[in-house]
Amino acid sequence: MVSLNSYLIVGAILFSIGAVGVFTRRNVLIIYMCIELMLNAVNLTFISFSKFLNDMNGHVFVFMIMTVAAAEAAVGLAIIISLFRNKATIYVDDINLSKG
Amino acid sequence: MEANITTNKLSARFSDSIIETHSHRGDETLVVRKQDIQDICQFLRDDTELLYNFMMDLTAVDYLGQEPRFEVVYHLYSLAFNRRIRIKTRVSESDCSVDSIVSLWPSANWFEREVYDLYGITFKGHPELRRILLYEDFQGHPLRKDYPIKKRQPLIGPNC
Amino acid sequence: MADINIIHNYPKMGIPMGKLKPKRVRKNIELTLWERLYIFEIIRGMHITTIHFFLNLLGFIFPPKGKKRRIMTVYYPEEKLTLPVAYRGRPVLVMRENGTEKCVACGLCEKICPASAITIIAEEKENGERFPAAYTLDMARCVYCGYCEEVCPKEAIVMSAEYEGLARRNRQNLRFSKDKLLRPEKSVKDRIEYIRGIYAKCNY
Amino acid sequence: MGMMRFGIPKRETVPAVNPTSPDDDTRLLGGSIILTKLEAINNWGRKYSFFQYPFVTACCGMEFMSVAGPKYDLDRFGAALPRFSPRQADLLMVVGTISHKQAPILVKVYNQMAEPKWVFAFGVCAVSGGFYDNYATVQGIDTLIPVDVYVPGCPPRPEMVIDGLIRLQQMVVEGKWSDFPKGASPVTNIE
Amino acid sequence: MVADLIESIVKILFIFGVNIGFFSPILGWVERKQSALMQDRVGANRADIFGYTLIGLFHPIADAIKVLTKEDFIPDGADRLIHTLAPFISLTPAIVAFAVIPFGGQYELFGHRVNLIIADLDVGLLFVFAFASLASFGAVLAGWSSNNNWSFLGGLRASAQMLSYEVVMGLNIIGVIMVYGTLRLSEIGAMQVNFFDWGIFLQPVGFVLFFTCAIAENKRAPFDVAEAESELVAGYFTEYSGLKFVMFWMGEFLEIVTIGGLVTTMFFGAWHLPFVSDQMLLNFFRFAGPNGAAILAILVNIITFFTKVIFFIWLQMTIRWTLPRFRYDQVMRLGWKMFLPIALINIFITGLVILVK
Amino acid sequence: MNEYIPVLIMLLLASATSIGMIVATTLIGPKKKFAEKMQPFECGENPIVSPKLRFSVKFYLFALFFVIFDIEAVFLYPWAVLFKELGMFGFVEMMVFLTILAIGLIYVWKRGALEWE
Amino acid sequence: MQLLMFYIFSLGAVLSATLMVTNIKPVTAAMNLIMTMFFLAGLYVLLDAHLIAALQIIVYAGAIMVLFLFVILLLNIHEKEGETARRKVIIQFGSIAIVGSLFIAMAKLSAIDPLMIKAVDPAFGTTKSVGKLLYTDYLLPFEIASFLLLAAIVGAVILAKRRIDDSE
Amino acid sequence: MSDTAKDLHSEYMVINMGPSHPVTHGTVKFLLTLEGETIIDMKVDIGYLHRGFEKMCENGTWEQVIPYTDRLNYVSPLINNVGYALAVEKLIGIEAPQRCQYIRVIASELARISDHYTNVAASGLELGAFTAFLYFVEARELIWDLIEMLCGARVTANYVRIGGLKNDLPDGFKTKSRDVFKRCRELWADVDKLLTKNRIFIDRVRNVGVMPPEDAIAWGFTGPCLRACGIPYDVRKFHPYLVYDQMDFEVPVGETGDNFDRYLVRMEEINQSMRIVEQALDKMPTGPVNVDMPEYRWQSKDDISNRIESMIFHFKTVTEGIKPPAGEIYSAVEGANGELGFYLVSDGSGKPYKCRVRPPCFPLTAAMPKMVRGSFIADIIPTFDMINMIGGECDR
């Protein structure tokens, strides 16, 4: 039988990988993907707690997270497109907002 | 009778520029001076009693050995009066160019390119005078009478 | 352009409108709401194809009397069409009963052939009669126009009904020499009859 | 940007035939071809599954439509599926006149076809240039690319085309692995 | 547990046999033959084995052999990994999607409960959609990775089209779910015992929309803009040769079967004969003993189901060979401006009707 | 969970089939590579531009609508399953939800984002 | 059985996530993320979250990732050559270190199990049960979600379409 | 940097459509500049089927030109034959006998039917309606049976001769044509039902490739494409040649000049042409089919073998060619695509000094960019199909 800890640790690993990506990558798109990955890690945690506590509320939370993730992806990617139009780059190093 | 209208009107208007008129087998033909071809065409197109609104055909004939060597032949048609007319203008080999009539009839565009391609007569004022039926690397103008029919050009490779 | 109005006022322009009956093709093609709904017209179209489908299927399962099937497909290598006598197949040389060709090597066919596919080497027999020592027809160039047959004064070359067996794997093999061109007169009798009638006689 | 001439370096298009042989190329096959079982199966598959690339340019295209049409129905031979991508085609049907302007395109399409591939010269213009013996027309596509079957006619009757296809099928049946050598054999420029 | 495993393996092998072994090759033949008959032709009929031609049934085999020994090809500048992956992505979900479609009822066989569905999932319908949505990657990646302009255009078209119709298809089946109150396809099937409970009577609009959207999702004519031969050479798989190219087709053919199965399950009474319930079948076959009756009933179920599926395959083929192709913007307009509002209205009306009842 | 095992088996089998096909075609077919063949096919001409270019933002917009409406559909599935139990309350609830999203649809419609041109 | 599945899925998820982070090409990264989603869906199935597993694929893999893919293709960024090699090494080392250390932790911790599964009722994780909660207890968030989506549509359309309108 | 930003949504794709593309029939190349799916610019490159027609004519005798005319518009070779023969007859100043004129009318109309069948079929094919394509190919096959019976070849007829015809109408032609037309009308009705009111088809063709009448005239449109704009210009009515003035037929005209009108005009012209053929068969007079001028025609086989003058004339005309008097003429017939004009110059020798064809689809093709600019890539297909560009005629 797989224990709760195992699931939590998988979630943690995925979250950390996502975090590493966010900190190290320079491509905004990949950073964005890493954020999605972190959201997924959180989802996994929710679901596993939900299962082990036999409480369905976690599922509803994941449901909502998915909605938010979708909305966020839609707007976020639109922002990236918009950014690209103005700056012609998607590398965070090259983006200096203060310069405008 | 009908044909006279065109000839008469033209002779009245452009008396200097008409070199010759004849009507062979009912085909009304005017030979005009090369400089005036654009004006004449415009007049033929826009005059309310003529209204030659179709530029049916444009070609050239190579009379090798005569001077001027080439004849550029225009066939116009008036839909409103159901009349046809043939305008010819002579082009010598030394000054091998005519005024373009693309500004009057857009359909003349390709016809002129074809004449340029096959006879080597250039059209002044043509927007895009390049070869149309043959490829850019083709040497010479095949419909000139001095171009041998079987003179083969080297094949053009795909990678050059 | 100024003249457009005039164009639309045809009858006034003295153009024979009495004979000219323009027929507006578009006026009854406007779609009703029903037809705009896609589906019903689609069903109508499918109805047509379905009818074809089932008729043909039935035609295969229960062939109509006297026929093997309903559809017009020719099962070519097994089944051959009968062609009208006018059909121009590949040109052949007519062979007399005694095995010699009718051709007298006058060279008209060589002259008229637009593709220059015919080459004749003429020789004379002892009795002064000309005959083609070599008669080559390049099938790789022949365009089946039938001019050779039409100009031949001796009815010596005719367009036979043959159209098979001409595919080759080698272009050289398409140069047909005399032995491949000769056909007995009997086999092209109909065609010879036919070409006798192709140009009417002159009455001068 | 120079002009180049084409040549056919590798594959022999014109097999050495005894020119005096009366019945031309059926003899070529000979009786001595031994095929492995696998080759036979493979050839059987190829024989009945020609995806053709219709390189249709001219008049013969009309007959080509007829061959595909209900009356003659090339599909009966499993060769009805036209693929307009040369990667997916097996049989390059050169239908019609090839002018000098068109020649590089034909060569390119041929080169871009995936192996194994066959070429079908449809109509006299493709076979030899036909009666267009002039400055503009290529005198037979075999000056450009190797040809497997020549079907004369202007345009050939559909029956002739089917004849040619059957002949090609025979040829495919007798093919061997070694007929398709590994390595590049493009139609390239030779000076 | 072991019995379950054996049962499911038998079922999987059966479906594999039917789909990969029977439908995907035979549909190539059906497509050719049916179009031939519709067009007054004969169609493929000459491939022979030992002189037997069997009305051309060997042609698919010939095609398969030919395609297998065709040169595999990846153009320069293409992304090799993704170019290879794309046919995989197109084909695999198409095979798997059939797993949740029931092809028969539940029977007691040798003391073991046999459910004629490979995986009786609670989210069966969603499962199909999940895998359908994966398939859209195949087209877009194939188009993108080929380094060819035509492929690229085809891939773009394919992706946007498939996405749009996925939405509409998703909204279309809401009505069906509302009526039957479940996502489990076996339950949906089981509820259609009564002839007048068939989905076609309860959701006629839903059926038309679903069927159309499914064809569009599968990129079949008249929605085949992504591979439109006359426009884009061969669309997103222009640069594919040999078996990889045929894999796209196989995916398409398998989806035809899946669509047939889904439509049958949701709208045409699944495995039920009209007015005949499973119990009646068992009673009818009483003479064969309980197990024999179950086996016979299973056979009847399967035959009924696949007959219906074959009818819908036939219908899809007829549509494909009858209609001209849409233009791309018309496809999109149809999806978003016509089908989407109709689907929403359909949900509304279905809700009202159910509430009033 | 048990009902997913057949799915897994099926997935494995399907993947094996696909991979097998890809491997087979890669191994069996003849190979002849040369520069011109490897060029992308463009109707017999040399390609002029590389397809690796930016395409219109319209495609992005459609993908975006797809995501939003997909989420909407996702909300609808559980509701539709429960519809008969929720009754009038659920109906009203969902209609509010749909109305709000319909406003979005109408907005993009009016804005012309659904027009292909 | 379940353990085996768990290990396959979690290892797959972690591996493809690592690949995603380390990959240079955005398209390949996206493909790897899709794989991660897939394995996560597998884990959800192990956790009896049927609906969520299906939605994971539909929403994440099928919708959000398509959006990502579109943007990647839309922008079509040409990779900077200089960045790649050096950075790749750092990222790889970083992630391998994290993964390694956490796996050790997992091996240690999984022995201790603070929470055992309570008796799970058969309806757990089904569409119905999720729906029942969603449409009763979480009514307000549900309705608010619609506003969120509306805002997303409007915002994205405005952001993405602005330049088109400007230029026209 | 700001340039890139501006170009984000408008990075144009420049793409070769053709020459070897399914829609371009291998004979034309469109160089497209696309933004997404929209055509920003289009350049048409023709000449892929340039076979040197004029040069070949100048090097052949007057008769030898006829097979070359077959291959101009190879979908309707008989009209080209007729047009050329009429032109040479005008140059010589003779008129063919009545019966010959009737048969020529029949031949031209059969060719026109076959052309329109091919055209509608090909556009059906390229719009995806494969079945409609094959129905019309089937119908065309029947018409070709008639043509084959008449002149001995399916496509390249080589039937009409200067001053007459090669042969008279064969026996049983009338009965056979009745059967054929019956089946053709059935197939016509099927295609009509499949396409004409099908909204998918209508959406594809309606308001696509619109050419207003004034533009159409300026671009030199003739034939069905001009009539689709509402201008009933038809050489058969405006300059009646042969016996068209004795035939009762209508000129179908469209309204807006879009592809749908072109389609409808062609569909209606098929019917009108069938009517003409039927009338001509009914009114067919008896008499000779060749002029009675031995210097301008070839002799019958009987004459050659029985009369020495015939033999001499025959050798003379074949080897030297007939010799029309010097002069130049322009003669037009209504080809399947529009006004097919022949401009002939004779220097009195046996070979044409100049044999110019006014190709009807040459100006039509020239107007392609104007018709499709700003529309979608998919709109090229119906537009290009409906102008019915025939490579042999356009490139010669």
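Note that this is a predicted model, so its numbers are computed, not measured. Each chain gets a letter, A, B and so on, in the order its sequence line appears, and its residues count up from 1. Scope of the values below: all heavy atoms of this structure, side chains included, with no hydrogens, waters or symmetry mates.
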Rounded to the nearest 0.5 Å, how far apart are NE2 of His47(C) and NZ of Lys193(H)? 7.0 Å

Can you find a heavy atom in the side chain of Val143(C) that is under 4.5 Å from one in the side chain of Asp70(H)? no

Tell me if a side-chain donor or acceptor on Arg88(C) pairs with a main-chain N or O of Cys151(H) at a distance below 3.5 Å. yes

Are Val318(H) and Tyr147(C) side-chain neighbours, meaning at least one heavy-atom pair lies under 4.5 Å? no

Counting only heavy atoms closer than 4.5 Å, note whether Leu165(H) contacts chain C via side chain, backbone, both or neither. backbone

Of Met267(H), Met149(H), Met56(H), Glu268(H), the largest count of non-hydrogen pairs under 4.5 angstrom with chain C goes to Glu268(H)

Would you call Thr156(H) and Tyr144(C) a side-chain contact if the rule is heavy atoms closer than 4.5 Å? no

Structural part of Arg236(H) lying under 4.5 Å from a heavy atom of chain C: neither

Using non-hydrogen atoms and a 4.5 Å limit, figure out which bit of Ala189(H) sits close to chain C: side chain, backbone, both or neither. neither

Donor-acceptor pair, side chain of His314(H) and main chain of Val151(C), under 3.5 angstrom: yes

From SG (Cys145(C)) to CD (Glu63(H)), nearest 0.5 Å: 11.5 Å

Heavy-atom proximity to chain C below 4.5 Å, by part of Thr131(H): side chain

Compute whether any side-chain donor of one residue and acceptor of the other, for Asn167(H) and Tyr194(C), lie under 3.5 angstrom apart. yes

Under 3.5 Å, is there a donor-acceptor pair between the side chain of Glu148(H) and the main chain of Pro84(C)? no

So which part of Cys113(C) gets closer than 4.5 Å to some heavy atom of chain H, the side chain, the backbone, both or neither? backbone

Chain H heavy atoms under 4.5 Å from Glu110(C): which part of the residue, side chain, backbone, both or neither? neither

State the CG-OG1 distance between Leu134(H) and Thr49(C), to the nearest 0.5 angstrom. 12.5 Å

Please determine whether the number of non-hydrogen atoms from other residues, nucleotides or ligands lying under 6.0 Å from atom NZ of Lys186(C) exceeds 12. no

Turns out that what part of Arg227(H) lies under 4.5 Å from chain C's heavy atoms comes down to neither

Let me know if Ile195(C) has heavy atoms under 4.5 Å from chain H in its side chain, its backbone, both or neither. both

Given a strict heavy-atom distance threshold of 4.5 Å, which part of Leu83(C) is in contact with chain H: side chain, backbone, both, or neither? side chain

For Lys154(C), does the NZ atom have more than 12 heavy-atom neighbours from other residues, nucleotides or ligands under 6.0 Å away? no

Between Tyr135(H) and Ile48(C), the two heavy atoms sitting closest are CE1-CG2, 4.3 Å

Kindly check if the number of other-residue, nucleotide or ligand heavy atoms within 6.0 Å of NZ (Lys176(H)) is above 12? yes

Checked Lys111(C), Arg196(C), Met46(C) vs chain H; the most non-hydrogen pairs under 4.5 Å come from Lys111(C)

Which heavy atom of Pro114(C) sits nearest a heavy atom of Tyr68(H), and at what distance? O-OH, 3.6 Å

